[in-house]
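We use all heavy atoms of the structure for the numbers below, so side chains are in, but hydrogens, waters and symmetry mates are not. Proteins come first, then strands; the chains are lettered A, B, ... in the order of their sequence lines, and each starts at number 1.
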2 protein chains.
Amino acid sequence: MLVIGELINGMFRDVAKAIQNREVDIIQHLAEEQVNAGADALDINTGPYSKDPKADMKWLVESIQKATNVSLCLDSTRADVIEEGLKAVKSRAIINSTSADVEKMETIFALVKKHKAQVIGIAMDKSGVPNDKAKRIELASRIVAKAMDFGIASEDLFLDPILFPVNVGQEQEKEILESIREFRQLCTPAPNTLVGLSNISQGTNTRSLLNRTFLTMAVANGLTAAILDPLDKELMNALITAELILNKNIYCDSFLEAYRKR
Amino acid sequence: MLVIGELINGMFRDVAKAIQNREVDIIQHLAEEQVNAGADALDINTGPYSKDPKADMKWLVESIQKATNVSLCLDSTRADVIEEGLKAVKSRAIINSTSADVEKMETIFALVKKHKAQVIGIAMDKSGVPNDKAKRIELASRIVAKAMDFGIASEDLFLDPILFPVNVGQEQEKEILESIREFRQLCTPAPNTLVGLSNISQGTNTRSLLNRTFLTMAVANGLTAAILDPLDKELMNALITAELILNKNIYCDSFLEAYRKR
């Protein structure tokens with residue numbers, strides 16, 4: 001399971017401020033904290049308040065790479081902002097993200113190939129977010145097919161069924177869990193599957209419980225990656241235990257500590 | 001999801017003592033506590049220390065029925081002890097359990113028919129506990145077929161894949177989760193599926209975390225019943241949330257409290 005830390009995101013006011021004021025210590029601390037808590041990669045998003053997202057992305061990538069060498073997940077709706085990040089990245093990056101729209105896929109997949117990156121493909125298009133499993137699978141299939149056209153290996157693709165908050169689209173969650181299971185069947189080797197976990201609990205007052213319960217269910221359905229808050233210790237405990245149950249780590253009495261000391 | 005409380009079991013020393021001394025208050029309190037915490041049914045087992053399991057079973061059933069009217073799950077390896085319970089039960093009982101052995105099934109299914117009971121069928125036989133999914137499905141299929149011979153409705157059958165403790169048979173857990181999913185496909189209407197949850201964490205020092213994580217994964221795979229400790233609040237919270245995610249309860253901000261007040 002690839003754990004991608006979500007906390008370096010300019011939508012959080014304190015992060016936005018640190019970006020604006022070029023407070024490198026704050027950003028590096030946030031990077032180290034997440035990695036120490038179990039993040040295998042870090043999502044980087046300049047956020048909605050950025051006045052110069054390209055410059056901010058470049059600065060973030062450079063600052064974070066001085067503190068840690070985990071993979072970076074470059075998160076922007078703008079391809080030029082992602083490209084600025086890709087130019088600065090030393091190791092292999094994950095591009096976050098493309099939709100299933102042809103133009104968007106062509107732009108993003110060209111970047112994937114040029115920079116030998118991995119990429120998140122979200123099962124939505126211009127017509128919006130799908131309302132059922134069939135539509136999610138159709139959109140994911142389009143992404144897989146186009147990625148194949150570009151010669152992108154299926155293991156380098158992370159298919160995201162796109163989460164609904166449970167207080168908005170509760171009836172969607174079962175469809176989403178089943179989509180994760182079916183995405184894994186779309187091609188061989190199986191593509192990765194990913195969720196932006198915190199969406200599930202948006203606007204609720206039981207965020208951690210909803211997050212860790214959904215994550216556990218998604219892991220049971222074959223989820224292989226998630227963007228989440230690794231500082232939520234109960235969430236990470238649930239994840240480590242779910243992977244233990246699936247025999248991905250070896251049981252020992254101190255399996256939680258053993259995982260964290262990897 | 002049918003929650004069957006596990007605490008009235010003579011394998012616990014204080015319960016064994018209460019049974020031996022006919023301390024009705026202790027047993028009734030244990031019944032009420034479990035029902036108040038969300039148990040839909042109560043497992044009753046006279047335990048290994050019982051000198052007269054038939055008399056103890058009768059006394060337990062009568063005592064508990066004075067305190068609560070939930071279903072009772074009569075748990076014994078001896079058919080005569082189960083029958084003693086069945087004679088005393090006022091509402092519909094669940095028989096816990098039969099294996100896939102022909103003689104055992106014939107004895108137990110005759111009781112099921114005679115007393116209009118429901119029944120737990122465990123995917124094991126005289127040769128022991130199965131080591132893979134295929135064997136579990138073969139044994140479960142035998143139970144389903146024999147139940148059909150007896151005219152038992154599939155909804156009255158609870159198929160148990162039989163849990164391994166994670167520190168003993170870790171590589172079995174994934175097979176067990178998949179078995180739960182496949183048991184549901186064995187016939188139409190789908191049979192119920194059940195686990196004796198606490199087995200998963202036997203001998204470990206992270207019991208509650210292992211229990212609730214496995215339960216959440218099992219619910220994601222179609223589990224419809226479990227014998228568990230309903231007084232474990234975090235376990236019940238995980239279960240309520242997993243069922244919410246599957247759209248079985250309606251979301252509201254206080255969904256945990258709302259479920260408990262049903």
Among Glu173(A), Glu175(A), Arg181(A), the residue with the most heavy-atom pairs under 4.5 Å to chain B is Arg181(A)
Looking just at side-chain N and O atoms, do Glu6(B) and Ser198(B) make a donor-acceptor pair shorter than 3.5 Å? yes
For the candidates Ile176(B), Ile250(B), Val219(B), which exhibits the highest count of non-hydrogen atom pairs separated by less than 4.5 Å from chain A? Ile250(B)
With no hydrogens and no angle check, just 3.5 Å: does a side-chain donor-acceptor pair link Asn167(B) and Thr204(B)? no
Side chain, backbone, both or neither of Glu234(A) within contact of chain B (heavy atoms, under 4.5 Å): side chain
Most heavy-atom pairs under 4.5 angstrom with chain B, which of Leu209(A), Val166(A), Leu246(A), Leu210(A)? Leu209(A)
Between Lys135(B) and Glu138(B), does at least one N-O distance fall below 4.0 Å, as a salt bridge requires? yes
Between Asp125(B) and Ser99(B), is there a side-chain donor-acceptor contact under 3.5 Å, judged purely by atom types and distance? no
Quick one: which of Lys174(B), Arg212(B), Gln172(B), Glu178(B) has the most heavy-atom pairs under 4.5 Å with chain A, could you say? Lys174(B)
Winner by heavy-atom pair count (cut-off under 4.5 Å) against chain A, out of Leu244(B), Ile200(B), Leu177(B), Asn237(B): Leu244(B)
Please rank Leu256(A), Asn247(A), Asp253(A) by heavy-atom pairs under 4.5 Å with chain B and give me the top one. Asn247(A)
Contacting moiety of Asn221(B), where chain A heavy atoms sit under 4.5 Å: side chain
Whatever's closer than 4.5 Å to a heavy atom in chain B on Thr206(A) counts as side chain
Looking only at side-chain N and O atoms, does Asn9(A) offer a donor or acceptor that is under 3.5 Å from a partner on Asp43(A)? no
Would Ser179(A) and Arg136(A) count as having a side-chain donor-acceptor pair, cut-off 3.5 Å? no
Would you say the side-chain atoms of Asn249(B) and Tyr251(B) include a donor-acceptor pair closer than 3.5 Å? no
